[in-house]
Amino acid sequence: MRIGGGDGDGLIKVRNLDKKYVRGSEEIHVLQGLNLDVDKGDFLAFMGPSGSGKTTLLNLLGGLDVPSAGSITVAGDEITRLSGGKLTAWRARHVGFVFQMYNLIPVLTAFRNVELPLLLTGLGKAERRKHVETALGVVGLGDRQQHYPRQLSGGQQQRVAIARAIVADATFLLCDEPTGDLDRRSADEILNLIDLLVRDHGKTVLMVTHDPRAAERAQQVLHLEKGVLVEGAPSALRA
Amino acid sequence: MKFLPLIFANLLRKKVRTALTIGSFAVALFLFGLLATIRVAFSQGVDVAGADRLMVINKVSIIQPLPLPYRDRILRIPGVKQVTWANWFGGVYVDEKNFFPQFAVDADTYRDMYPEFVIPDDQWKAFREDRAGAIAGKLTADKYHWKIGDRIPIRGTFLSGVFEFNLHGIYRGTRPQDDTTQFWFHWDYLNEKMPASYKNMIGWYTLRIENPDQAVRVTRAIDETFANSPYETRTMTEKAMAASFAKQMGNIEFVLLSIGAVVFFTLLLVTGNTMAIAVRERTGELAVLKTVGFPDWAVLMLVLAESVLVALLGGGLGIALAKALTLRGDPTNGLLPVFYLPPQPIAAGVAAALLVGVVAGFLPAFSAMRLRVVEALRRV
Ligand SMILES: Nc1ncnc2c1ncn2[C@@H]1O[C@H](COP(=O)(O)OP(=O)(O)O)[C@@H](O)[C@H]1O
Ligand SMILES: [Mg+2]
């Protein structure tokens with residue numbers, strides 16, 4: 001049971017999540033009492049039309065934004081109760097983000113990009129190097145440490161971004177259309193990599209995607225419709 | 001400091017812009033260094049003045065003379081310990097443009113009055129034994145490559161003819177700001193050549209008092225002694241004398257302060273603007289840093305560090321260049337005998353650059369800190 005409010009000892013519990021945006025006099029009610037349960041090691045895909053609130057949901061799950069109402073609990077911490085600084089620290093410890101546009105720092109090498117989250121930890125230089133090399137090894141870019149983003153293909157850049165997301169051993173990964181900007185082959189490589197992270201490294205992954213072939217890889221596909229998640233095929237297709 | 005590579009990478013991202021900003025700081029601080037040097041040059045007399053020394057000049061102006069017999073009457077005034085005197089001699093060495101001050105001094109008393117000037121005893125002795133002897137400051141001697149034993153021809157201005165002096169000694173200053181451009185010769189020798197009406201007249205007296213606290217009383221006592229005489233006096237501390245000289249040069253302090261303020265204010269705007277642009281074009285990246293968990297203060301410090309680093313690099317470069325220039329000596333051929341940039345203005349300049357760096361960087365850094373990740377990411 002993922003979306004109905006289950007027994008409640010999963011990794012992530014979302015209850016009655018509400019998010020409204022106010023733009024001028026207009027109020028957009030994006031999430032309307034959304035529920036979700038995620039267990040450790042799950043690989044979920046979120047689908048839904050553009051503007052349905054997928055990014056909004058990921059931002060809330062990752063502690064980048066705060067809901068209008070409802071709660072999110074991750075591994076026992078109710079993050080919707082954490083304030084600014086604490087939320088940032090929580091995010092650094094638990095969340096790995098992967099974006100559609102890779103979002104690497106262009107003036108830093110692959111190595112330094114991946115190292116960024118570790119700068120916030122107490123790790124020494126040698127330990128940081130070890131972690132970065134491991135992460136880059138996992139994504140298959142052990143030999144590209146000193147390359148700058150512009151010297152890498154889109155797929156490679158996204159793999160660097162994934163290395164950055166896993167380097168600090170995040171509790172779960174949030175991927176917002178990670179293959180949206182890639183050609184088929186690179187996209188498949190990224191999906192294989194995410195598969196690998198889930199199967200061999202026990203990572204928990206929540207992925208937003210437009211691409212049905214990407215969604216296929218997930219253990220379950222959830223659709224965001226009218227502010228809540230529904231299972232299976234979108235209602236429009238079912239009808 | 002593990003964030004340093006990130007700060008440097010950011011600085012190097014727009015190399016021309018960074019170079020220009022560093023250059024602005026360098027130019028501003030170079031200018032500041034020069035202004036400070038000029039200020040020191042003009043006010044050096046004020047700084048080097050002996051607290052226990054007074055000067056007595058003609059009340060009308062320093063170029064009017066005083067009679068030599070005043071010396072004994074001054075010495076009798078309670079609180080006065082020593083007296084010496086000198087005359088200005090505006091002679092020309094080879095060419096008009098070779099300017100250095102020439103004083104006809106009393107060989108018996110002058111040296112004791114100015115312990116900040118050091119001359120080896122044997123040189124002083126040789127000077128005293130030769131009526132045509134002379135002593136030169138180190139800076140002037142070096143400039144004209146004089147050696148002890150040289151004959152120095154000085155053409156008189158108010159006295160006609162060329163005077164040949166024998167250089168017997170070279171004096172040094174004990175502090176960097178001491179004026180070592182002066183040229184001394186015997187007052188007796190000058191007095192001999194003076195026309196009858198100017199005989200036994202001196203330019204000014206310098207006297208030492210027993211206690212600086214008595215300066216006001218002694219000053220008044222001297223001026224009262226000579227009131228209503230044909231040669232009324234004006235007595236003041238050496239410091240006041242130097243300050244009034246500096247004032248004659250115009251209100252240099254004010255001019256320098258105004259220039260300095262304008263320069264630093266401009267620098268503030270230039271740097272502030274540059275940093276604001278830097279932050280704006282990096283909005284997405286700053287959002288990424290926050291996403292991966294950089295706390296607000298770390299983002300603030302990153303931007304601030306960048307601005308401060310530019311300020312320190314540029315400021316340090318500029319002030320170092322100014323210092324280097326002053327080490328090469330007075331570029332004006334003698335107008336600024338003390339061409340020296342002391343450590344205090346160097347420290348003040350670096351501090352000012354640092355302050356500009358912090359202030360200019362603060363608003364952009366603050367806006368980077370306040371950046372809302374979700375909105376910033378939506379914009380990329
Ligand atoms: N910061 C915001 N302010 C106002 N409206 C927003 C903001 N963020 C998102 N929205 C609106 O919320 C809706 C959901 O956006 P989003 O979560 O980005 O959708 P998706 O990722 O599914 O395309 C859209 O209508 C969007 O315009
Ligand atoms: Mg989206």
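Chain identifiers are assigned alphabetically (A, B, ...) following the order of the sequence lines, protein sequences preceding nucleic acid strands; residue numbering begins at 1 within each chain.
- When the shell of 6.0 Å around NE2 of His131(A) is examined, it contains 12 or fewer heavy atoms from other residues, nucleotides or ligands.
- The choice from Gly84(A), Pro106(A), Ala165(A) that makes the most heavy-atom pairs within less than 4.5 Å of chain B is Pro106(A).
- Most heavy-atom pairs under 4.5 Å with chain B: of the set Arg93(A), Arg112(A), Gln100(A), this distinction falls to Arg112(A).
- By the neighbour-count criterion of 12 heavy atoms within 6.0 Å, atom CZ of Arg17(B) is densely surrounded, having more than that number from other residues, nucleotides or ligands.
- Only the side chain of Arg164(A) comes within contact range of chain B, with heavy atoms under 4.5 Å apart.
- Of the possible donor and acceptor atoms, one in the side chain of Arg91(A) sits under 3.5 Å from a partner among the backbone N and O of Lys290(B).
- Here OG1 of Thr291(B) is found 11.5 Å from CG of Leu116(A). Values are rounded to the nearest 0.5 Å.
- Atom-to-atom distance recorded for Leu377(B):CG and Leu58(A):CG is 11.5 Å, nearest 0.5 angstrom.
- Here Leu119(A) is the residue among Leu119(A), Thr56(A), Ile105(A) with the most heavy-atom pairs under 4.5 Å with chain B.
- Chain A forms the most heavy-atom pairs under 4.5 Å with one residue out of Leu12(B), Leu289(B), Val292(B), and that residue is Val292(B).
- Within the model, atoms CD of Glu375(B) and CG of Leu64(A) stand 12.0 Å from one another, a figure rounded to the nearest 0.5 Å.
- Annotation: maximal heavy-atom pairing with chain B below 4.5 Å, among Thr88(A), Thr55(A), Leu87(A), occurs at Thr88(A).
- Proximity to chain A involves both the backbone and the side chain of Leu6(B), based on heavy atoms less than 4.5 angstrom apart.
- When heavy atoms are compared at a cutoff of 4.5 Å, Thr121(A) approaches chain B solely by way of its backbone atoms N, CA, C and O.
- At a threshold of 4.5 Å between non-hydrogen side-chain atoms, the residues Lys2(B) and Arg128(A) count as touching.
- Between Ala9(B) and Val107(A), the shortest heavy-atom distance links the atoms CB-O, 3.6 Å.
- The two residues Gly293(B) and Ala92(A) have their closest heavy-atom pair at CA-CB, 3.8 Å.
- Of the atoms belonging to Tyr102(A), not a single heavy atom falls under 4.5 Å from chain B.
- Surrounding CZ of Phe265(B) are at most 12 heavy atoms belonging to other residues, nucleotides or ligands under 6.0 Å away.
- No more than 12 heavy atoms of other residues, nucleotides or ligands lie within 6.0 Å of CZ in Arg172(B), so this atom counts as exposed by the packing criterion.
- Inter-residue side-chain proximity for Leu120(A) and Pro295(B) is flagged as met; some heavy-atom pair is nearer than 4.5 Å.
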side-chain contact (heavy atoms from CB on, under 4.5 Å) between Val373(B) and Asn59(A): does it pass, once the steps are laid out?
-> CA-CA 9 Å; Val373(B) 181; Asn59(A) 287 344; over 6 Å; no
